Amino acid sequence: MYQIIDGKKIAQEIKEELRETAAELKARGKTFVLAVIQVGNDPASTVYVNNKKKACAYVGIESLSYELPQEATEEELLKLVRQLNEDSGVDGILVQLPLPEQIDEDKVLLAISPEKDVDGFHPENVGNLSIGRPGFVSCTPAGVIQLLKRSGIEIEGKECVVLGRSNIVGKPMAMLLLRENGTVTVCHSKTRHLKEITKRADILVVAVGKPRFVDASYVKEGAVVIDVGIHRNAENKLCGDVDFDSVAPHASAITPVPGGVGPMTVAMLMSNCVKKSLQ
Ligand code: GUN
């Protein structure tokens with residue numbers, strides 16, 4: 001039998017803990033204000049942004065909404081980011097991705113003050129993570145670590161394989177697993193003999209962005225499988241990068257989609273905000 005890692009439940013536990021901490025901080029006069037910027041009205045982004053704002057309200061973090069039109073220019077967005085950087089009443093800044101194509105994402109992420117970069121996307125925070133210094137850590141990979149730890153899965157000494165090398169998930173995921181003393185391999189679209197490598201994994205983290213890409217032939221018997229992907233299939237149902245029905249009988253533990261990694265991203269964003277107010 002395999003264990004289904006319940007991300008919804010673990011995310012709720014984390015938010016409850018943070019809510020208590022935030023209340024104690026508030027009693028000591030310490031609050032956190034998060035500015036959330038959305039450019040355009042991509043339906044998926046609107047859902048994510050609303051989930052983040054709802055979580056803020058639950059935990060006791062104040063959120064401010066900034067909505068720019070789809071046609072907004074890069075300069076308009078940069079001006080808003082700079083204004084929020086300067087605003088001492090704003091503690092965190094989040095720019096929801098993806099951005100419209102006329103805007104250079106890297107330029108915007110670089111413009112966010114590293115001290116307010118609750119997403120952990122600024123190169124200074126990425127660099128701090130890679131050399132083991134404190135700083136904001138990217139929420140989705142931080143959520144994966146919490147899923148593993150809170151499910152009693154040890155990382156130290158394990159063969160960890162990360163499938164995907166994005167700046168937001170794959171690379172910081174590898175860094176975090178390494179920080180937990182895992183033995184880490186990163187695979188990507190140009191990797192040769194992919195299955196031979198993924199089949200070595202005790203812990204396989206899949207973030208390839210392709211629906212149901214990983215089936216049982218990629219997975220070692222008894223592996224822990226974490227699915228970071230989220231897609232809508234032809235019947236409008238959500239699915240991940242992992243073919244759950246094929247893989248689950250071979251895994252010792254696996255995350256479902258939805259209800260696995262997804263809710264953890266928001267919980268870790270809240271954690272980043274509350275931890276910052278503790279400093
Ligand atoms: N788009 C998809 N995931 C994320 C995330 O974690 N943060 C932001 N800002 N945008 C995203």
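The structure presented is a predicted model; accordingly, all values stated were derived computationally and were not measured. One-based numbering, in listed order, for ligands and for the atoms of each.
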**Study point:** Same apolar cluster: Ile112 and Tyr48, side chain cutoff 4.5 Å
**Key:** no
Practice item. For the pair Gln102 (side chain) and Ala72 (backbone), establish whether a donor and an acceptor sit closer than 3.5 Å, ignoring hydrogens and angles. Key: yes
Check your understanding: So, Thr255 side chain and Gly260 main chain: donor-acceptor pair closer than 3.5 Å or not?
Key ->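 Absent.
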Practice item. Taking side chain to side chain donor-acceptor pair (under 3.5 Å) as the test, write out the residues that go with Lys107, two or more places apart. Key: Glu74
**Study point:** Amino acids in close contact with ligand 1, where any non-hydrogen atom sits under 4.0 angstrom away
**Key:**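 Residues Lys52, Leu94, Val95, Gln96, Leu97, Asp119, Phe121, Thr265 each place a heavy atom under 4.0 Å from ligand 1, listed by chain and number.
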Review point. Do Thr21 and Glu24 get their side chains close enough for a donor-acceptor pair, meaning under 3.5 Å?
Key: no
Point to revise | Aromatic ring proximity Phe136/Phe121, centre distance under 6.0 Å | key: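 No; Phe121 has its ring centre 6.0 Å or more from that of Phe136.
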